[in-house]
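Beneath this line is the structure, given in structure tokens, with notes to follow.
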Protein chains: 2
Amino acid sequence: MKYSYITHLECPKCGKTYEENRIQQLCQCGSPLLVRYDLEKVKETINREDMKNRPNTLWRYHELLPVHHQENVVSLGEGMTPLKKLPYLGADYGLNNLYMKDEGIIPTGSFKTRGASVGISKAKELGVKHLAMPTNGNAGAAWALYAAKANIKATIVMPLDAPEITRKEVYIAGGDLYLINGLISDAGKVVGSLVQEQGVYDASTLKEPYRIEGKKTMGYEIVEQLGWKVPDVILYPTGGGVGIIGIYKAILELQQLGWIEQGKLPRLVAVQAEGCAPIVEAWKKGEKESVFFENSTTCAFGINVPKALGDFLVLEGIYATKGCAIAVSEEALLEAQKLVASLEGNFICPEGAATFAAVKTLREQGWIREDEHVVCLNTGLGLKYPETVEIEDVETLQPGQQILIKN
Amino acid sequence: MKYSYITHLECPKCGKTYEENRIQQLCQCGSPLLVRYDLEKVKETINREDMKNRPNTLWRYHELLPVHHQENVVSLGEGMTPLKKLPYLGADYGLNNLYMKDEGIIPTGSFKTRGASVGISKAKELGVKHLAMPTNGNAGAAWALYAAKANIKATIVMPLDAPEITRKEVYIAGGDLYLINGLISDAGKVVGSLVQEQGVYDASTLKEPYRIEGKKTMGYEIVEQLGWKVPDVILYPTGGGVGIIGIYKAILELQQLGWIEQGKLPRLVAVQAEGCAPIVEAWKKGEKESVFFENSTTCAFGINVPKALGDFLVLEGIYATKGCAIAVSEEALLEAQKLVASLEGNFICPEGAATFAAVKTLREQGWIREDEHVVCLNTGLGLKYPETVEIEDVETLQPGQQILIKN
């Protein structure tokens with residue numbers, strides 16, 4: 001019994017394969033690489049019932065993850081986040097089976113942790129001593145913290161506008177932090193020259209092949225938590241799109257393993273903000289790739305990605321599953337954020353809130369039906385975005401003063 | 001098979017008993033009440049192996065919790081937080097078995113969630129429509145969010161100095177929020193008159209008997225996660241002290257159930273800040289109760305409690321387990337916070353950091369021995385305390401500028 005059944009890396013664009021036991025970044029053709037496993041061997045070796053007695057982290061699926069030796073696993077207890085049924089919000093939207101996969105309940109408070117745990121573990125196994133990445137905040141924070149535990153130096157470049165708390169996470173982890181007076185694409189150029197000229201490991205989104213493997217575990221977990229049933233619809237706030245790529249990959253792998261019903265795919269919905277909707281624009285036109293979205297802006301900072309390297313994989317996942325792409329307004333997502341808190345008691349991040357705003361619209365349009373099983377991905381804690389909540393009309397008392405309750 | 005084996009409430013001071021099927025607050029003698037169960041029946045009905053197949057929330061222990069009917073349970077997926085071994089920090093401190101129970105990985109990002117989930121669930125079962133509480137921030141946030149889900153009105157009074165993010169949590173939950181230009185004791189007086197004059201349910205610490213029951217599950221989990229073994233030492237950041245009271249109660253209950261070795265108790269350590277150390281002062285003098293600590297101050301806001309209602313129960317737990325009480329400086333706790341992040345990748349709250357600062361001192365003094373199993377309770381996320389991290393010397397780049405790595 002091996003810890004991992006990884007076999008090689010494969011380019012989804014040109015089909016070229018690569019060895020996985022040394023550092024690989026993009027394919028020669030410029031495409032991200034995907035990790036492949038000996039799924040037949042996995043099928044012979046374990047079955048889905050074995051998962052019951054596994055630890056409650058994403059490493060429960062270790063045979064389907066890329067790390068060969070357990071001692072290289074860098075874990076802070078990430079994964080198996082709650083999948084919660086939301087009865088009150090469901091009633092409000094006219095849905096009987098609305099769920100939230102709550103990625104706020106994870107170390108670093110964001111789903112970026114999954115990519116960091118798997119990505120850093122594999123980097124450690126490959127002997128990486130120094131990595132660099134551009135970030136809109138949460139990913140950099142997660143990678144810096146996991147890198148600290150792995151004793152890998154992490155150079156993190158983030159826009160001045162990224163959530164301030166994420167700077168502090170990088171800083172307290174002892175990361176090598178730089179701010180940039182620009183966008184994540186500007187940060188990406190800085191990292192690019194660092195990688196080229198100084199031989200640093202490039203941990204940019206999809207430029208290393210392993211964070212997808214961390215993110216795909218969200219797909220495994222949703223299905224396992226639903227009793228190995230595939231939901232009808234999964235909505236995902238889409239910036240770089242790694243989660244949607246990962247979830248799609250997870251579902252296909254589970255089908256090959258025979259752990260879920262053959263043929264049924266969840267309709268994957270890419271949710272974006274109106275202020276940054278390149279995937280939505282491409283999907284509307286039936287395109288296979290997106291175009292750089294000029295002057296992008298949204299308070300949901302994690303999905304302010306004007307052009308994603310993996311856009312073609314995101315669009316492939318949407319088309320193949322008969323999903324869709326939809327953009328929501330800032331007002332709609334902030335309203336959804338309030339509604340989730342006041343009806344269901346969850347203070348979620350604006351990116352996660354966007355998926356609920358999208359559900360509302362898609363239900364009104366009849367694209368989602370009343371009895372369908374619908375999973376919204378909340379990608380992180382509202383706590384990391386204090387500026388999305390503006391307090392109005394709160395009274396300040398002096399000691400000794402009393403409250404008169406108006407009913 | 002009943003969902004709960006609760007039988008009654010009991011005063012730990014005068015022994016008077018109370019019915020649990022109606023609203024009860026303090027004992028007539030002024031003491032908090034403790035919840036009692038038919039442990040013999042529980043022992044006949046279930047055993048510790050049954051826990052394996054239970055959901056990963058604190059409700060896995062429902063027979064030992066006070067809610068009769070499962071439909072009254074208000075849950076956001078709280079509990080079974082990670083118990084992590086910290087090898088690098090352990091090596092630094094000269095400890096082979098140092099653990100952190102990480103209460104940051106829980107809805108609302110703080111251990112207060114446990115008390116809120118059990119307290120609100122029982123309040124719902126008892127028909128409460130409106131509650132009020134004073135808070136240093138995290139408890140109010142948790143109770144407001146769970147109250148929202150339970151459709152109970154929550155009036156929350158917090159000092160102006162409480163962490164700002166917690167105001168926003170109360171606000172977005174739709175809570176009835178008041179700020180006060182004073183301390184939590186001033187907030188307590190405001191709530192007191194609201195309760196007396198307007199018949200609102202008093203959810204103040206220990207004035208309702210059920211939050212202890214939520215907190216005690218930390219004790220159950222630590223023991224279960226260690227394979228039903230009791231650790232040698234548990235360190236707990238002590239403000240109101242409900243956690244230490246709860247953990248002590250949990251250990252005694254597990255002994256009565258025969259689920260753990262008879263006789264062995266973990267040495268319980270109450271950790272306070274030098275700026276607010278009433279329990280430490282009392283323990284040093286061998287007193288049974290503490291004295292109000294004048295002009296208290298610490299950045300670890302959650303343990304800025306100058307006089308705790310349950311102080312006598314905290315001290316009893318320390319004496320009975322041969323534990324101790326120790327105060328740490330602000331510098332020491334902030335240093336520990338950095339060390340945990342840079343060695344172990346966890347950004348913890350200052351209250352949790354205080355327990356690590358205490359471990360360092362107690363190890364140096366020989367009070368903790370090299371091979372002992374030591375559990376530090378991190379009570380919440382560092383993310384909720386951005387002001388504890390001050391960033392120095394970070395460079396801001398202009399687009400196109402490059403980084404030169406100095407090795």
Side-chain angles (χ1 to χ4, degrees), chain A residues 56 76-77 80 82 84 88 102 104-109 145-146 148-149 155 157 160 164-165 167-169 171-174 177-182 186 189-190 193-194 198 200 337-338 341-347 381-384 386 389 391 394-403 405, chain B residues 56 76-77 80 82 84 88 102 104-109 145-146 148-149 155 157 160 164-165 167-169 171-174 177-182 186 189-190 193-194 198 200 337-338 341-347 381-384 386 389 391 394-403 405:
Chain A
N56 276 295
L76 301 173
M80 283 308 269
K84 308 174 192 174
Y88 309 112
D102 192 357
I105 318 305
I106 200 166
T108 89
L145 284 157
Y146 280 79
K149 189 160 174 82
T155 298
V157 188
L160 275 173
E164 204 187 338
I165 189 69
R167 287 185 206 175
K168 298 195 169 186
E169 292 177 88
Y171 185 79
I172 198 168
L177 172 66
Y178 293 84
L179 303 174
I180 189 160
N181 188 14
D186 299 305
K189 285 173 199 154
V190 172
S193 65
L194 198 62
Q198 302 195 45
V200 172
Q337 189 192 32
K338 269 193 195 157
S342 61
L343 291 179
E344 300 286 355
N346 287 282
F347 179 23
L381 293 173
L383 294 174
K384 297 188 88 169
V389 183
I391 299 188
V394 167
E395 196 179 340
T396 299
L397 307 169
Q398 298 305 320
Q401 207 181 326
Q402 293 195 13
I403 300 173
I405 298 291
Chain B
N56 276 295
L76 301 174
M80 283 307 270
K84 307 173 192 175
Y88 308 113
D102 192 357
I105 318 304
I106 200 167
T108 89
L145 283 158
Y146 280 79
K149 188 160 174 85
T155 298
V157 188
L160 274 173
E164 205 187 336
I165 189 70
R167 288 186 205 177
K168 298 196 169 187
E169 292 177 89
Y171 185 80
I172 198 167
L177 172 66
Y178 293 85
L179 302 174
I180 189 160
N181 188 12
D186 299 304
K189 285 174 198 152
V190 172
S193 65
L194 197 63
Q198 301 195 45
V200 172
Q337 189 192 31
K338 268 193 196 156
S342 61
L343 291 180
E344 300 287 354
N346 288 282
F347 179 23
L381 292 173
L383 295 174
K384 298 187 88 168
V389 183
I391 299 187
V394 167
E395 194 179 344
T396 299
L397 308 170
Q398 299 305 320
Q401 209 181 324
Q402 294 196 13
I403 300 173
I405 298 291

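Below, chain A is the first sequence line, B the second, and so on; all start at residue 1. Quick caveat: nothing in here was measured; it's all calculated off a predicted structure. Below, each value reflects all heavy atoms present in this structure, side chains not excepted, and no hydrogens, waters or symmetry copies.
- Using a 4.5 Å heavy-atom cutoff, the side chains of A/Leu381 and B/Leu381 are in contact.
- Using a 4.5 Å cut-off between heavy atoms, A/Gln337 touches chain B through backbone and side chain atoms alike.
- Using a 4.5 Å cut-off between heavy atoms, B/Phe347 contacts chain A through both its backbone and its side chain.
- B/Leu383 has its side chain within reach of A/Glu169: a pair of non-hydrogen atoms, C-beta onward, lies under 4.5 Å apart.
- Pairing each heavy atom of B/Leu145 with each of A/Asn346, the nearest pair is CD2-N, 4.2 Å.
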Open item on the list: The test is side-chain contact (heavy atoms from CB on, under 4.5 Å); show your working for A/Lys168 and B/Ile391 and say whether it passes.
Closed with: CA-CA 7 Å; A/Lys168 298 195 169 186; B/Ile391 299 187; 3.9 Å; yes
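- Considering all non-hydrogen atoms of both residues, B/Tyr88 and A/Lys149 come closest at CE1-O, 3.5 Å.
- Both the backbone and the side chain of A/Thr396 come within contact range of chain B, judged by heavy atoms closer than 4.5 Å.
- Only the side chain of A/Lys384 has a heavy atom closer than 4.5 Å to any heavy atom of chain B.
- For the pair A/Asn56/B/Met80, no side-chain contact is recorded, criterion being any heavy-atom separation below 4.5 Å from C-beta on.
- Only the backbone of B/Ile106 comes within contact range of chain A, with at least one heavy atom under 4.5 Å from a heavy atom of that chain.
- Of all the listed residues (A/Ile105, A/Ile172, A/Thr108), the one sharing the greatest number of non-hydrogen pairs under 4.5 Å with chain B is A/Ile172.
- Listed options A/Ala341, A/Gly77, A/Pro82, A/Gly109 were ranked by heavy-atom pairs under 4.5 angstrom with chain B; first place goes to A/Ala341.
- Contacts of A/Thr155 with chain B are made by side-chain atoms alone, with heavy-atom separations under 4.5 Å and no backbone atom involved.
- Annotation: maximal heavy-atom pairing with chain A below 4.5 Å, among B/Gly382, B/Ser193, B/Gly104, B/Gly174, occurs at B/Ser193.
- The choice from B/Asn181, B/Val394, B/Leu179 that makes the most heavy-atom pairs within less than 4.5 Å of chain A is B/Leu179.
- Residue contact with chain A, scored on non-hydrogen atoms closer than 4.5 Å, involves the side chain of B/Asp186 exclusively.
- Heavy atoms closer than 4.5 Å to chain A are found in both the backbone and the side chain of B/Leu177.
- Within the 4.5 angstrom heavy-atom criterion, only side-chain atoms of B/Lys84, from C-beta onward, approach chain A.
- Using a 4.5 Å heavy-atom cutoff, the side chains of A/Leu76 and B/Asp102 are not in contact.
- A/Ile165 touches chain B through its side chain: at least one heavy atom from C-beta onward sits under 4.5 Å away, while N, CA, C and O do not.
- Ranked by heavy-atom pairs under 4.5 Å with chain A, the first of B/Val190, B/Ile403, B/Leu194 is B/Ile403.
- When all heavy atoms of B/Gly182 and A/Pro399 are compared, the pair lying nearest together is CA-CG, 4.4 Å.
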